[in-house]
Student: 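Can you keep this structure in mind? I'll have questions shortly.
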Amino acid sequence: MPEGPEVETVRRTLKHFILDAKITSVDVFYDKIIEDDTALFKGVLKDQHIRDIDRFGKYLIFILDDYAFISHLRMEGKFNIKPQGSPLDKHDHVVFYLNDGRELRYNDTRKFGRMKLCDKLHYLSYPPFNKLGVDPHDAHVEDVYDKLHKSALPIKTLLLDQHIFVGIGNIYANEICFRMGMDPRTRGKRLSKKRVAQLISIGDEVLSEAIRQGGTTIHSFDANGIHGLFQVQLDVHMQKTCKKCHGEIKKIMLGGRGTYYCPVCQKRRY
DNA sequence: CGGTAGACCTGTTCGC
DNA sequence: TGCGAACAGGTCTACC
């Protein structure tokens, strides 16, 4: 699922359903998902209540009584809440058994997602968080400008760099460039301070709107029949026709990622 | 250090 | 229809 807005939707939904539930035990069917020793991970989580769920960028942080762990969904990770004993899906890799007869299941077709124990109180001061950038909502122009100004990489590639901004993924990077009226190939160093200020505010706007709409849900989060997640209205990503000028949307590769843009509306290079 | 392929996985879609 | 290549919401590593 996961760019920042989708992870935020998962966070809110999970929090709504499993806050204060107790983890009675954990099963792990694919060890690589757990970056710690699996036995340690299972042992630490046993009999802990889920007291809170935080998010930083695309990371979820589960806060327990005495410990905490982070979860990154990468490309296809999903959490589902199922009644105890309902049939396991082929791609369910981690199961958290809850004391109320439900199970929180981590499902991940491509097995890219990762979980790891972290410091409960000061996790932001340790890896991976201490090296990450800022949420566009909290960004300061000077800091971002300093980073962008040093780089010859395309701005669209820089938007994906989690050391600069957190939470922006491939879809929203494309959408942000479109809303900026900016060619995604524009080099970071070409952006003026004023343009960076605009980038921050449009970035914040795009992510906030997506959160309001419940994230772009293609593989829908399916917690106990809770649907109602809208699909975010996308302007360019995977589109054929430009919503503004009705011209053709072009697709190119930048930094190995599919990049969509309108050659008419995103002509300007700064 | 900056930047770019390749790796990690499975499933779906596209082209011949 | 079949079959391999390319691609998918992400990040790390190895290597110029």
Side-chain angles (χ1 to χ4, degrees), chain A residues 1-11 28-35 55-60 70-79 88-94 106-116 127-133 146-178 184-190 203 206-207 209-211 213-222 229-240 249-260:
Chain A
M1 315 190 114
E3 294 186 37
E6 289 72 37
V7 176
E8 176 61 16
T9 302
V10 171
R11 186 189 74 81
V28 177
F29 304 115
Y30 185 75
D31 277 351
K32 285 183 75 176
I33 302 273
I34 312 297
E35 294 191 340
R55 174 180 72 94
F56 189 76
K58 302 173 190 173
Y59 290 87
L60 287 170
I70 62 186
S71 167
H72 195 302
L73 276 26
R74 295 283 179 91
M75 293 290 259
E76 307 211 11
K78 289 172 276 294
F79 279 104
L88 271 187
D89 182 271
K90 182 181 178 184
H91 303 294
D92 283 343
H93 304 306
V94 183
Y106 178 72
N107 181 286
D108 190 342
T109 308
R110 292 172 74 181
K111 302 177 177 167
F112 283 169
R114 294 292 180 263
M115 293 180 202
K116 185 185 163 87
F129 301 109
N130 63 154
K131 287 179 202 145
L132 293 181
D146 285 347
K147 291 185 181 175
L148 297 182
H149 191 64
K150 287 182 199 141
S151 179
L153 286 176
I155 187 63
K156 192 266 186 167
T157 300
L158 293 168
L159 284 172
L160 291 175
D161 185 344
Q162 305 295 300
H163 303 286
I164 302 175
F165 289 116
V166 294
I168 300 174
N170 203 40
I171 293 178
Y172 297 119
N174 284 326
E175 294 299 310
I176 291 167
C177 288
F178 179 81
R185 295 166 295 185
T186 306
R187 313 254 167 205
K189 56 166 62 164
R190 306 276 312 271
V206 167
L207 297 188
E209 280 176 22
I211 289 172
Q213 295 172 64
T216 304
T217 308
I218 293 168
H219 304 293
S220 68
F221 179 74
D222 190 36
L229 297 179
F230 291 85
Q231 198 145 311
V232 171
Q233 183 67 31
L234 299 177
D235 287 332
V236 270
H237 189 263
M238 293 268 283
Q239 305 300 302
K240 292 220 63 173
I249 296 297
K250 282 238 150 58
K251 185 192 179 190
I252 56 173
M253 290 302 255
L254 281 184
R257 313 298 305 276
T259 302
Y260 298 81

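Every chain is numbered from 1, with letters handed out A, B, ... down the list of sequences.
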Student: Could you measure between the two P atoms, the one in C:dC12 and the one in B:dG11, and give it in whole Å?
Tutor: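 The answer is 24 Å between these two P atoms.
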
Student: Quick one, which residues of residues 150-168 of chain A touch DNA chain C with a heavy atom under 4.0 Å?
Tutor: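 Those residues whose heavy atoms fall under 4.0 Å from DNA chain C, taken from residues 150-168 of chain A in numerical order, are A:Gln162.
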
Student: By side chain to side chain contact (heavy atoms under 4.5 Å, CB included), which residues pair with A:Asp146, not counting sequence neighbours?
Tutor: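 With sequence neighbours excluded, A:Asp146 shows a side chain to side chain contact (heavy atoms under 4.5 Å, CB included) to no residue whatsoever.
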
Student: Nearest whole Å is fine: how far is B:dC1 P from A:Lys147 NZ?
Tutor: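 Whole-Å distance recorded here is 15 Å.
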
Student: Taking 4.0 Å as the cut-off, does a side-chain nitrogen or oxygen of A:Arg257 come that near to OP1 or OP2 on C:dG9?
Tutor: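 So the side chain of A:Arg257 is within the cut-off, an N or O lying under 4.0 Å from OP1 or OP2 of C:dG9.
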
Student: In chain order, what residues pass the ring pair (Phe, Tyr, Trp, His ring centres under 6.0 Å) check against A:Phe29, with sequence neighbours excluded?
Tutor: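 Per chain and number, A:Phe29 pairs via ring pair (Phe, Tyr, Trp, His ring centres under 6.0 Å) with no residue.
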
Student: Can you check the A:Leu60 CG to C:dT11 P distance for me, whole Å?
Tutor: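 That distance rounds to 13 Å.
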
Student: Please list, chain by chain and in numerical order, all residues satisfying ring pair (Phe, Tyr, Trp, His ring centres under 6.0 Å) with A:Phe56, sequence neighbours excluded.
Tutor: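 None.
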
Student: In chain order, what residues pass the ring pair (Phe, Tyr, Trp, His ring centres under 6.0 Å) check against A:His237, with sequence neighbours excluded?
Tutor: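 For A:His237, the residues satisfying ring pair (Phe, Tyr, Trp, His ring centres under 6.0 Å) (neighbours in sequence not counted) are A:Tyr260.
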
Student: For A:Asp235, enumerate each residue passing the side-chain hydrogen bond (donor to acceptor under 3.5 Å, both in side chains) test, keeping only those at least two apart in sequence or located in another chain.
Tutor: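 Expected list: none.
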
Student: Contact class for A:Gly255 vs. all strands (heavy atom < 4.0 Å): base, sugar-phosphate, or nothing?
Tutor: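 Here A:Gly255 touches no strand at all.
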
Student: Could you tell me whether a side-chain N or O of A:Glu209 sits under 3.5 Å from a main-chain N or O of A:Val206, the two making a donor and an acceptor?
Tutor: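 Here the side-chain-to-backbone pair does not exist.
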
Student: Which pairs of donor and acceptor atoms, one on a side chain in residues 156-169 of chain A, lie under 3.5 Å apart (sequence neighbours left out)?
Tutor:
unit_1   : atom_1 : unit_2   : atom_2 : d
A:Lys156 : NZ     : A:Asn170 : OD1    : 2.5
A:Lys156 : NZ     : A:Gly258 : O      : 3.3
A:Lys156 : NZ     : A:Thr259 : OG1    : 2.9
A:Asp161 : OD1    : A:His163 : N      : 2.8
A:Gln162 : OE1    : A:Gly167 : N      : 3.0
A:Gln162 : NE2    : A:Leu160 : O      : 3.1
A:Gln162 : NE2    : A:Ile168 : O      : 2.9
A:His163 : ND1    : A:Lys131 : O      : 3.2

Student: Nearest 0.5 angstrom please: A:Gln239 CD to A:Glu175 CD, how far?
Tutor: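 Nearest 0.5 Å value for the CD-CD distance: 7.0 Å.
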
Student: Would you write out the dot-bracket form of DNA chain B, 5' to 3', with Watson-Crick and G-U pairs under 3.5 Å, [ ] for crossing pairs, | for pairs to other strands and . for unpaired bases?
Tutor: .|||||||.|||||||

Student: Kindly say if A:Lys251 contacts the phosphate of C:dA8, meaning a side-chain N or O under 4.0 Å from OP1 or OP2.
Tutor: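 Indeed, a polar side-chain atom of A:Lys251 lies that close.
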
Student: For nucleotides 8-14 of chain B, read 5' to 3', which letter fits each nucleotide if B means a protein heavy atom sits under 4.0 Å from the base, S means only the sugar-phosphate is that close, and - means neither?
Tutor: BBBS---

Student: Taking side-chain hydrogen bond (donor to acceptor under 3.5 Å, both in side chains) as the test, write out the residues that go with A:Asp89, two or more places apart.
Tutor: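 If we apply the side-chain hydrogen bond (donor to acceptor under 3.5 Å, both in side chains) test to A:Asp89, skipping adjacent residues, the hits are A:Asn107.
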
Student: Of the nucleotides C:dC12, C:dG10, C:dG9, which has the atom closest to the A:His72 side chain?
Tutor: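 The nucleotide sitting nearest to the side chain is C:dG10.
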
Student: The criterion is side chain to side chain contact (heavy atoms under 4.5 Å, CB included); which residues satisfy it with A:Lys250, sequence neighbours excluded?
Tutor: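 Residues passing side chain to side chain contact (heavy atoms under 4.5 Å, CB included) with A:Lys250: A:Tyr261, A:Pro263.
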
Student: Within less than 4.0 Å of OP1 or OP2 of C:dT11, is there a side-chain N or O belonging to A:Lys58?
Tutor: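 It does, given that an N or O in the side chain of A:Lys58 lies less than 4.0 Å from OP1 or OP2 of C:dT11.
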
Student: Please list, chain by chain and in numerical order, all residues satisfying salt bridge (charged side-chain N to carboxylate O under 4.0 Å, His left out) with A:Arg55, sequence neighbours excluded.
Tutor: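 For A:Arg55 the salt bridge (charged side-chain N to carboxylate O under 4.0 Å, His left out) partners, ignoring immediate neighbours, are A:Glu8.
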
